[in-house]
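The basis for the numbers below is simple: all heavy atoms, side chains too, and nothing from hydrogens, waters or symmetry mates.
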Amino acid sequence: MNFFLKSIKRKLSIRFQNLIRKRAQKEQVKRIIEKHNLKDPIEQQKIIDKFVLMQQNKRAFGRKARESIKDKIKFMIYYKLIKVVE
(Lines give C-alpha, C1' and ligand atoms only; values in the text may rest on other atoms or scores of the structure.)
Protein backbone atom coordinates (compact mmCIF):
# COMPACT_ATOMS: atom_id res chain seq x y z
CA MET A 1 0.00 0.00 0.00
CA ASN A 2 2.81 2.38 0.90
CA PHE A 3 4.52 1.73 -2.45
CA PHE A 4 1.28 2.51 -4.26
CA LEU A 5 0.94 5.87 -2.51
CA LYS A 6 4.57 6.73 -3.23
CA SER A 7 4.14 5.95 -6.92
CA ILE A 8 1.01 8.13 -7.12
CA LYS A 9 2.84 10.93 -5.31
CA ARG A 10 5.80 10.63 -7.70
CA LYS A 11 3.56 10.72 -10.78
CA LEU A 12 1.69 13.76 -9.50
CA SER A 13 4.95 15.49 -8.65
CA ILE A 14 6.30 14.89 -12.16
CA ARG A 15 3.04 16.10 -13.70
CA PHE A 16 3.03 19.32 -11.66
CA GLN A 17 6.69 19.98 -12.50
CA ASN A 18 5.86 19.61 -16.20
CA LEU A 19 2.90 21.98 -15.88
CA ILE A 20 5.02 24.56 -14.05
CA ARG A 21 7.77 24.26 -16.70
CA LYS A 22 5.22 24.65 -19.50
CA ARG A 23 3.69 27.74 -17.88
CA ALA A 24 7.13 29.30 -17.42
CA GLN A 25 7.96 28.60 -21.06
CA LYS A 26 4.74 30.31 -22.21
CA GLU A 27 5.63 33.36 -20.12
CA GLN A 28 9.11 33.42 -21.62
CA VAL A 29 7.66 33.29 -25.16
CA LYS A 30 5.33 36.20 -24.32
CA ARG A 31 8.26 38.24 -23.00
CA ILE A 32 10.30 37.58 -26.15
CA ILE A 33 7.36 38.62 -28.35
CA GLU A 34 6.91 41.83 -26.34
CA LYS A 35 10.64 42.59 -26.21
CA HIS A 36 11.11 42.42 -29.98
CA ASN A 37 7.58 43.70 -30.79
CA LEU A 38 6.95 40.66 -33.01
CA LYS A 39 3.15 40.95 -33.10
CA ASP A 40 3.34 44.32 -34.83
CA PRO A 41 2.79 43.77 -38.58
CA ILE A 42 5.09 46.67 -39.48
CA GLU A 43 7.92 45.22 -37.40
CA GLN A 44 7.29 41.77 -38.89
CA GLN A 45 7.51 43.22 -42.39
CA LYS A 46 10.81 44.97 -41.55
CA ILE A 47 12.29 41.68 -40.35
CA ILE A 48 11.02 39.82 -43.42
CA ASP A 49 12.43 42.52 -45.72
CA LYS A 50 15.82 42.25 -44.02
CA PHE A 51 15.68 38.46 -44.41
CA VAL A 52 14.89 38.74 -48.12
CA LEU A 53 17.73 41.23 -48.59
CA MET A 54 20.00 38.89 -46.68
CA GLN A 55 19.05 36.04 -49.05
CA GLN A 56 19.72 38.15 -52.14
CA ASN A 57 22.99 39.68 -50.96
CA LYS A 58 25.16 37.44 -48.80
CA ARG A 59 27.23 40.38 -47.54
CA ALA A 60 24.28 42.60 -46.60
CA PHE A 61 24.70 42.24 -42.82
CA GLY A 62 27.32 41.16 -40.34
CA ARG A 63 27.37 37.69 -38.80
CA LYS A 64 25.56 38.67 -35.59
CA ALA A 65 22.86 40.59 -37.44
CA ARG A 66 22.31 37.65 -39.82
CA GLU A 67 22.00 35.23 -36.90
CA SER A 68 19.60 37.58 -35.12
CA ILE A 69 17.37 37.93 -38.18
CA LYS A 70 17.38 34.17 -38.81
CA ASP A 71 16.48 33.50 -35.17
CA LYS A 72 13.60 35.98 -35.29
CA ILE A 73 12.26 34.45 -38.51
CA LYS A 74 12.50 30.90 -37.09
CA PHE A 75 10.79 32.04 -33.89
CA MET A 76 7.94 33.75 -35.75
CA ILE A 77 7.39 30.71 -37.97
CA TYR A 78 7.55 28.25 -35.05
CA TYR A 79 5.04 30.20 -32.94
CA LYS A 80 2.85 30.89 -36.00
CA LEU A 81 3.22 34.66 -35.93
CA ILE A 82 3.86 34.51 -39.67
CA LYS A 83 2.88 31.88 -42.20
CA VAL A 84 5.13 30.46 -44.89
CA VAL A 85 3.48 30.27 -48.32
CA GLU A 86 5.22 28.47 -51.14
Side-chain angles (χ1 to χ4, degrees):
M1 191 67 175
N2 195 13
F3 174 75
F4 182 70
L5 291 175
K6 283 184 180 181
S7 67
I8 290 176
K9 184 178 176 183
R10 189 178 322 116
K11 286 182 181 180
L12 284 175
S13 172
I14 290 170
R15 178 71 180 142
F16 281 125
Q17 286 175 354
N18 287 338
L19 288 174
I20 290 169
R21 191 177 309 120
K22 197 172 190 180
R23 183 179 297 150
Q25 189 175 15
K26 284 182 182 179
E27 289 297 321
Q28 186 177 15
V29 168
K30 284 181 185 177
R31 283 195 299 269
I32 290 172
I33 290 171
E34 289 174 7
K35 178 182 176 187
H36 297 288
N37 199 15
L38 295 178
K39 284 208 173 192
D40 182 26
I42 297 170
E43 188 66 28
Q44 286 179 354
Q45 191 59 46
K46 285 180 187 176
I47 295 170
I48 292 169
D49 291 342
K50 286 181 184 178
F51 185 75
V52 169
L53 178 64
M54 192 173 71
Q55 294 298 314
Q56 293 171 350
N57 184 357
K58 296 297 180 186
R59 300 178 71 79
F61 299 98
R63 180 185 55 84
K64 286 187 178 181
R66 281 195 310 265
E67 289 175 2
S68 173
I69 294 169
K70 283 181 184 179
D71 289 342
K72 286 179 184 177
I73 292 288
K74 286 178 187 176
F75 182 87
M76 289 192 297
I77 291 171
Y78 184 80
Y79 288 104
K80 296 178 176 73
L81 297 175
I82 58 174
K83 295 179 182 174
V84 177
V85 180
E86 292 184 21

Apply side-chain contact (heavy atoms from CB on, under 4.5 Å) to Lys6 and Lys9, showing your working.
CA-CA 5 Å; Lys6 283 184 180 181; Lys9 184 178 176 183; 5.5 Å; no

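Hydrophobic cluster membership is shared by Val29 and Tyr78, with clusters built from Ile, Leu, Val, Met, Phe, Trp and Tyr side chains linked at under 4.5 angstrom. A single hydrophobic cluster is seen to contain both Ile69 and Val84, as judged by linkage of ILVMFWY side chains at heavy-atom distances under 4.5 Å, directly or through other members. The hydrophobic clustering, which links ILVMFWY residues whose side-chain heavy atoms are closer than 4.5 Å, places Phe4 and Ile14 apart.
The side-chain heavy atoms of Ile47 and Leu38, taken from C-beta on, include a pair separated by under 4.5 Å. In this structure, Lys30 and Glu27 have side chains that are in contact, with non-hydrogen atoms separated by less than 4.5 Å. Between Ile73 and Lys70, the closest side-chain pair of non-hydrogen atoms is not below 4.5 Å. The shortest distance between side-chain heavy atoms of Ile33 and Phe75 falls below 4.5 Å.
To the nearest 0.5 Å, the span separating CD on Gln17 from CD1 on Ile20 amounts to 7.5 Å. Lys74 NZ to Phe51 CZ: the interatomic distance, rounded to the nearest 0.5 Å, is 9.0 Å. The CG atom of Leu12 sits 10.5 Å away from the CG atom of Leu19 when rounded to the nearest 0.5 Å. With rounding to the nearest 0.5 Å, the separation of NZ in Lys46 from NZ in Lys72 is 10.5 Å. Separating the OG atom in Ser7 from the CG atom in Asn2 is a distance of 10.0 Å, to the nearest 0.5 Å. Residue Gln28 holds its CD atom at 15.5 Å from CZ of Arg23, rounded to the nearest 0.5 Å.
Every residue two or more places apart in sequence or in another chain was checked for a salt bridge (charged side-chain N to carboxylate O under 4.0 Å, His left out) with Glu43, and none qualifies.
For the residue pair Arg15 / Asn18, no side-chain donor-acceptor distance below 3.5 Å is found, with atom types taken as modelled. For the residue pair Gln45 and Asp49, a side-chain donor N or O sits within less than 3.5 Å of a side-chain acceptor on the partner.
Atom CD1 of Ile42 sits in a sparse spot, with 12 or fewer heavy atoms from other residues, nucleotides or ligands closer than 6.0 Å. Annotation: Gln55, atom CD; neighbour count of heavy atoms from other residues, nucleotides and ligands within 6.0 Å is above 12.
Between Glu67 and Arg63 there is a salt bridge, with a side-chain nitrogen of the basic residue lying less than 4.0 Å from a carboxylate oxygen of the acidic one.
The two residues Gln44 and Leu81 make their nearest non-hydrogen contact at NE2-O, 3.5 Å.
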